[in-house]
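Following: one structure in structure tokens, then a few remarks.
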Amino acid sequence: MSDFKKACALAEVPETGVVPTVVDGVPVAIVRSEGRVHAIHDVCSHEEVALSEGDVDDGEIECWMHGSRFDLETGEPTGLPATEPVPVYPVKIEGDDVLVDVHHPLNN
């Protein structure tokens, strides 16, 4: 049985940008950057705010509140004040859909 669930339509994700969604009760930011689609937990590890409200640039997402930055591949913080990573999730594109598995983070 697959744990991949539909997060959104691929067409909804801007070329460089974010779509906030919830997959199996987990807040997820679907992010397209540098031609790739990523899924990252949509809560900053420094403050309990949505990362999906921040900016995307060069494979990173920036928290709008205090400027913490996170690598979209690893979830590792690349800019203070955050010091803890956020989960990143496996993504599959099937047809026109973006599928995400929130039960098996890549950086667990």
Side-chain angles (χ1 to χ4, degrees):
M1 183 172 168
S2 174
D3 285 325
F4 282 90
K5 305 285 191 228
K6 181 178 177 180
C8 65
L10 183 58
E12 293 177 57
V13 187
E15 283 305 314
T16 300
V18 186
V19 172
T21 189
V22 175
V23 178
D24 278 356
V26 177
V28 178
I30 306 299
V31 184
R32 193 181 325 216
S33 176
E34 300 177 332
R36 298 200 53 220
V37 176
H38 307 271
I40 190 165
H41 193 69
D42 196 13
V43 180
C44 180
S45 63
H46 172 252
E47 285 287 334
E48 298 261 329
V49 298
L51 289 176
S52 59
E53 295 181 26
D55 293 326
V56 175
D57 190 38
D58 294 331
E60 297 180 336
I61 190 165
E62 181 179 46
C63 179
W64 63 270
M65 184 169 273
H66 294 120
S68 295
R69 296 180 68 81
F70 298 90
D71 184 285
L72 292 170
E73 295 277 337
T74 66
E76 290 293 322
T78 58
L80 296 173
T83 58
E84 296 295 318
V86 293
V88 293
Y89 307 108
V91 174
K92 288 195 312 189
I93 307 298
E94 282 189 2
D96 297 328
D97 295 331
V98 177
L99 307 178
V100 176
D101 178 356
V102 295
H103 301 288
H104 301 97
L106 296 170
N107 57 344
N108 210 3

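Considering only residues two or more places apart in sequence or on other chains, Val49 meets the side chain to side chain contact (heavy atoms under 4.5 Å, CB included) condition with Cys44, Glu47, Cys63, Trp64, Met65. Residues that satisfy the side chain to side chain contact (heavy atoms under 4.5 Å, CB included) test with Val18, not counting sequence neighbours, are Ala29, Val31, Ser52, Val56, Ile61. Annotation: salt bridge (Lys or Arg N to Asp or Glu O under 4.0 Å) contacts of Glu48 (sequence neighbours excluded): none. In this structure Pro87 satisfies the side chain to side chain contact (heavy atoms under 4.5 Å, CB included) test together with His41, Tyr89, Pro105, Asn107, sequence neighbours excluded. Every residue meeting the side chain to side chain contact (heavy atoms under 4.5 Å, CB included) condition with Pro81, not counting sequence neighbours, appears here in chain and number order: His46, His66, Ser68.
Among residues at least two apart or in separate chains, salt bridge (charged side-chain N to carboxylate O under 4.0 Å, His left out) pairs with a member in residues 14-29 are Glu15-Arg32. Applying the side chain to side chain donor-acceptor pair (under 3.5 Å) test to every pair with at least one member in residues 75-88, sequence neighbours left out, gives these pairs: Glu60-Thr78.
Counting heavy atoms from C-beta outward, Cys8 and Val13 have side chains that approach closer than 4.5 Å.
Hydrophobic clustering (ILVMFWY, side-chain heavy atoms < 4.5 Å, transitive): Val26 and Leu72 are in distinct clusters. By the criterion of side-chain heavy atoms lying less than 4.5 angstrom apart, applied directly or through intervening Ile, Leu, Val, Met, Phe, Trp or Tyr residues, Val28 is not grouped with Val43; the two fall into different hydrophobic clusters. Val91 and Leu106 fall into different hydrophobic clusters, where Ile, Leu, Val, Met, Phe, Trp and Tyr side chains are chained together by heavy-atom contacts under 4.5 Å.
Distance check: Leu10 CG to Glu12 CD gives 9.5 Å after rounding to the nearest 0.5 Å.
In plain terms, the two heavy atoms of Arg69 and Asp57 that are nearest each other are NH2-O, 3.4 Å. Residues Ala7 and Thr21 approach most closely at O-OG1, 3.1 Å, considering heavy atoms. Of all heavy-atom pairs between Phe70 and Gly75, the closest is CD2-O, 3.5 Å.
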Show me the side-chain donor-acceptor pairs of residues 92-102 shorter than 3.5 Å, one per line, residues at least two apart or across chains.
from: Asp97; atom 1: OD1; to: Lys6; atom 2: NZ; distance (Å): 3.3
from: Asp101; atom 1: OD1; to: His103; atom 2: N; distance (Å): 2.9
from: Asp101; atom 1: OD1; to: His104; atom 2: N; distance (Å): 3.3
from: Asp101; atom 1: OD1; to: His104; atom 2: ND1; distance (Å): 3.3
from: Asp101; atom 1: OD2; to: His104; atom 2: ND1; distance (Å): 2.8

I'd like a table of donor-acceptor pairs (distance under 3.5 Å, sequence neighbours excluded) in which one partner is a side-chain atom from residues 33-40, with atom names and distances.
from: Ser33; atom 1: OG; to: Gly59; atom 2: N; distance (Å): 3.1
from: Arg36; atom 1: NH1; to: Glu73; atom 2: OE1; distance (Å): 3.4
from: Arg36; atom 1: NH1; to: Glu73; atom 2: OE2; distance (Å): 2.1

